[in-house]
Structures are given as C-alpha cells and as structure tokens.
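Have a look at the structure below before the remarks.
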Amino acid sequence: MTMSHIVIVRAFKLGDETSCSKLTRDCVMSSLGATFCGMLFKEITFQLIILLAAIMFIFFGMPLTICLSVVPVVIALTYAGTYVSFAAKLTEIDTEVANIPRLYMSNAFSCYWVAEAFEPYLMTQHPKEVYYTIMTEEQFYQANVDVSLQAKKIVGTVGLCKSYRLDRSAWIKRLCVHEGYRRKGIASCLLNVAVQFAIDAGYSCANIVASEYTEEGRELCLKKGFELKQMYHKSILGSYITILMYELTYRIKPTQDDYAPRMDFVKEFLNQFQ
C-alpha cells in the first residue's frame, strides 16, 4: 500500500534528539511576538512609562518632548526582558530533550512521542496545502504502508511523565507541532495518544499547562475533555513581567478528594437519625 503524504505518531527513539530540540525551540520562539505584544499592552507598562516621564519632568526639569523618549526605552526593556525569559526556557528545553531517554523512556509510567511526516523528496506544494493521513504506529504497521521512497521529518512532539507534586497524576508536556503542519489534526492525535497512555497506566488524571498566548492549544484541550483547574501568574522578570497560565486537567478516575464531599453528605444524613 502506498500513500504520498502521511504522518505517523510513534514513540521517541534514539537519534530523534536533534529534530525534537529544533522543533520545540521553534515552537517556543513562535510565541515570542505574541507574548511581547501582550506585555506592551499590560497596565503596568503604561504605568512605568508615566512614572519615568514624570520623574524626568518633575525632578530633572526636562522638556516634555525628551520625557516622551521613555516610551521606546520601556518598549526595548520589555522586549529584552521577554527575550531573556524565552532564552532561559530554551536552555531548559535543550536540557530536557537531551535527557528524554532517562526522563521519559526509562519506566512504564512515562513516554515521549513524535509525529513523523512522510512525503515525497521533491515537494511541489507547501505542507499547509496538502492533506496528510495521520495514524498511530500500530495503525501504520497494520496498513502495511510503503514509505521506503519518501523523505521523513519530525513535525510534532508530546511527552507524558508522572507528577511528583500530585498523587496518581501525570503531566503532559512539550505538545507542539511545526507551524507549517498545524490545523491538520496532528496535535489532536498526539494528545489522544498521551491521554490513552495515562488511562492505560492507571493515572487518575492528566494535567497540562498553557499560557494566555497559546489560545489554540488551550481550545484544543478543552474540546478533548480537559477542564480548567486553576489560573495563576507565572513570573517572567520579577513582578513586572508575568504571564497568565492555565492549568487544565483531564479526569480519568475519581480521586479521594472527589469522594470527600459525598462522604461528608452521607455522614451528615446518617447523623439525623442518631
């Protein structure tokens, strides 16, 4: 059986590190612009501009036109602070990707997957214009697809590992898809594989975190049955630059905490007859 454009979601294997590192780095940096613009329009940015301009005007007696020069200065500082935080994130990613075999592939309760595209060596169309058949590794072997004469490229990743903060819970991390291969169902398939793994591994829930600037990913998770667990502000550069984070959870099995309200109700009900 021959298909010209397919994407296979499979487990990570040695040799994928370089491609995974580049892909995750590119995905992180793709949100730099949106994050920077978001920071510019935060109230604290305007407050800082007004404060600095007022100090220059009142205490140093500078003309108003010169005082307005604080605007590009604040913009530059905001961009620099945002970029530094992203650079720190990239360092964290490089360290994690280099240790995928130990962090994700060394036990039965964690795993890392990649979405690998198979396409002709001479692509005449942009990937955005092409329809891709997406399948799991098991479906690929069952379909007996011949990809021996096709080029391959890692275009998506996702990982799942045990949470050491929450009992019987898992974290879904590094869900990302190459910009040219988005809106094709790849992220949806990656998420399905990770959630199914969490179910098979016996976890009570699977959690994922998304920022306010990754709305598409957040909407996908909500469509897949994830629920909003909490929102919090993550510090990027002190208390000046923060990002609103959304922690979403996919409930698999009821936890002891879920039973607690019911047990309290039962006890209260029985006490009425004592």
Side-chain angles (χ1 to χ4, degrees), residues 6-12 20 23-24 26-28 30-31 34-35 93 96 100 103-105 108-117 127-128 131-140 142 154-163 165-232 234 243-255 257-258:
I6 65 172
V7 172
I8 301 167
V9 175
R10 62 167 176 81
F12 171 92
C20 288
L23 176 62
T24 50
D26 290 345
C27 285
V28 168
S30 67
S31 63
T35 305
I93 287 173
E96 183 176 308
I100 286 177
L103 297 174
Y104 292 95
M105 311 301 291
F109 298 100
S110 60
C111 194
Y112 201 93
W113 300 268
V114 301
E116 191 168 40
K128 288 184 177 180
Y131 172 79
Y132 286 82
T133 301
I134 304 167
M135 59 182 72
T136 64
E137 193 170 23
E138 182 181 359
Q139 293 169 334
F140 170 69
Q142 291 176 349
I154 291 178
V155 298
T157 64
V158 70
L160 182 141
C161 61
K162 182 179 180 180
S163 171
R165 180 170 61 88
L166 303 171
D167 185 41
R168 295 174 57 227
S169 299
W171 282 109
I172 295 176
K173 304 176 67 177
R174 305 302 174 221
L175 175 61
C176 64
V177 175
H178 188 286
E179 193 171 4
Y181 294 80
R182 293 173 185 173
R183 297 184 178 277
K184 297 183 180 296
I186 297 175
S188 178
C189 187
L190 286 166
L191 199 56
N192 286 344
V193 169
V195 169
Q196 187 58 53
F197 182 91
I199 294 172
D200 295 340
Y203 285 110
S204 62
C205 66
N207 303 307
I208 190 170
V209 173
S211 79
E212 60 183 304
Y213 303 111
T214 54
E215 185 176 353
E216 288 185 10
R218 193 167 69 251
E219 290 298 323
L220 172 63
C221 291
L222 293 173
K223 288 179 182 178
K224 288 292 183 180
F226 283 75
E227 301 172 353
L228 178 62
K229 185 176 182 180
Q230 66 171 328
M231 295 186 297
Y232 61 92
K234 180 180 179 181
I243 296 180
L244 181 62
M245 305 297 292
Y246 296 81
E247 184 177 333
L248 308 172
T249 185
Y250 185 94
R251 295 185 181 276
I252 300 170
K253 297 178 181 178
T255 62
D257 292 337
D258 296 324

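Below, each value reflects all heavy atoms present in this structure, side chains not excepted, and no hydrogens, waters or symmetry copies. Heads up: numbering here begins at 1 and tracks the sequence.
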CG of L175 to OG1 of T24, rounded to nearest 0.5 Å, is 12.0 Å

Who passes side-chain contact (heavy atoms from CB on, under 4.5 Å) against L244, sequence neighbours left out?
E212, M231, H233, Y246

If we only count heavy atoms from C-beta on, is the C111 to L160 side-chain gap below 4.5 Å?
no

Sequence neighbours left out, what pairs pass ring pair (Phe, Tyr, Trp, His ring centres under 6.0 Å) with at least one residue falling in residues 195-217?
W113-F197

Heavy-atom side-chain proximity of C27 to R182 below 4.5 angstrom:
yes

Let me confirm one number: the SG-CD1 distance from C189 to I134, rounded to the nearest 0.5 Å.
6.5 Å

F140 vs R10 side-chain heavy atoms within contact, under 4.5 Å:
no

Any non-hydrogen side-chain atom of M105 less than 4.5 Å from a side-chain atom of I100?
yes

One should read off an interatomic distance between E247 CD and W171 CH2, to the nearest 0.5 angstrom, of 3.5 Å

Apply side chain to side chain contact (heavy atoms under 4.5 Å, CB included) to residues I199 and Q196 and explain how you reach the verdict.
CA-CA 5 Å; I199 294 172; Q196 187 58 53; 4.2 Å; yes

Could you check whether atom CD of E137 has more than 12 heavy atoms from other residues, nucleotides or ligands sitting under 6.0 Å from it?
yes

What do you reckon, is OH of Y250 surrounded by more than 12 foreign heavy atoms closer than 6.0 Å?
no

I'd like to check I186 versus H178 (side-chain heavy atoms, cut-off strictly below 4.5 Å). Are they in contact?
no

Side-chain touch N207/S169, heavy atoms, less than 4.5 angstrom:
yes

May I ask you to decide whether E96 forms a salt bridge with K173, counting only side-chain N to carboxylate O separations under 4.0 Å?
yes

Has K184 got a side-chain atom pairing as donor or acceptor with P127's backbone, closer than 3.5 angstrom?
yes

Within the structure provided, determine whether L190 and V177 are in side-chain contact (heavy-atom separation under 4.5 Å).
yes

Using modelled atom types only, decide if a donor and an acceptor are shared between the side chain of T136 and the backbone of Q139 within a distance under 3.5 Å.
yes

Look up atom CD in E116 and atom OG1 in T157, then write down how far apart they are to the nearest 0.5 Å.
13.0 Å

Tell me whether S163 contacts the main-chain N or O of R165 through its side chain, where contact means a donor paired with an acceptor under 3.5 Å.
yes

So, F12 versus Y104, ring centres under 6.0 angstrom or not?
no

Would you give the length of the straight line joining atom CG of D26 to atom SG of C176, rounded to the nearest 0.5 angstrom?
9.0 Å

Could you check whether any side-chain heavy atom of F226 comes within less than 4.5 Å of a side-chain heavy atom of I172, counting everything from C-beta outward?
yes

Under a 3.5 Å cutoff, is there a donor and acceptor pairing between the side chains of K162 and S110?
no

Heavy-atom neighbours of E216 CD exceed 12 at 6.0 Å
no

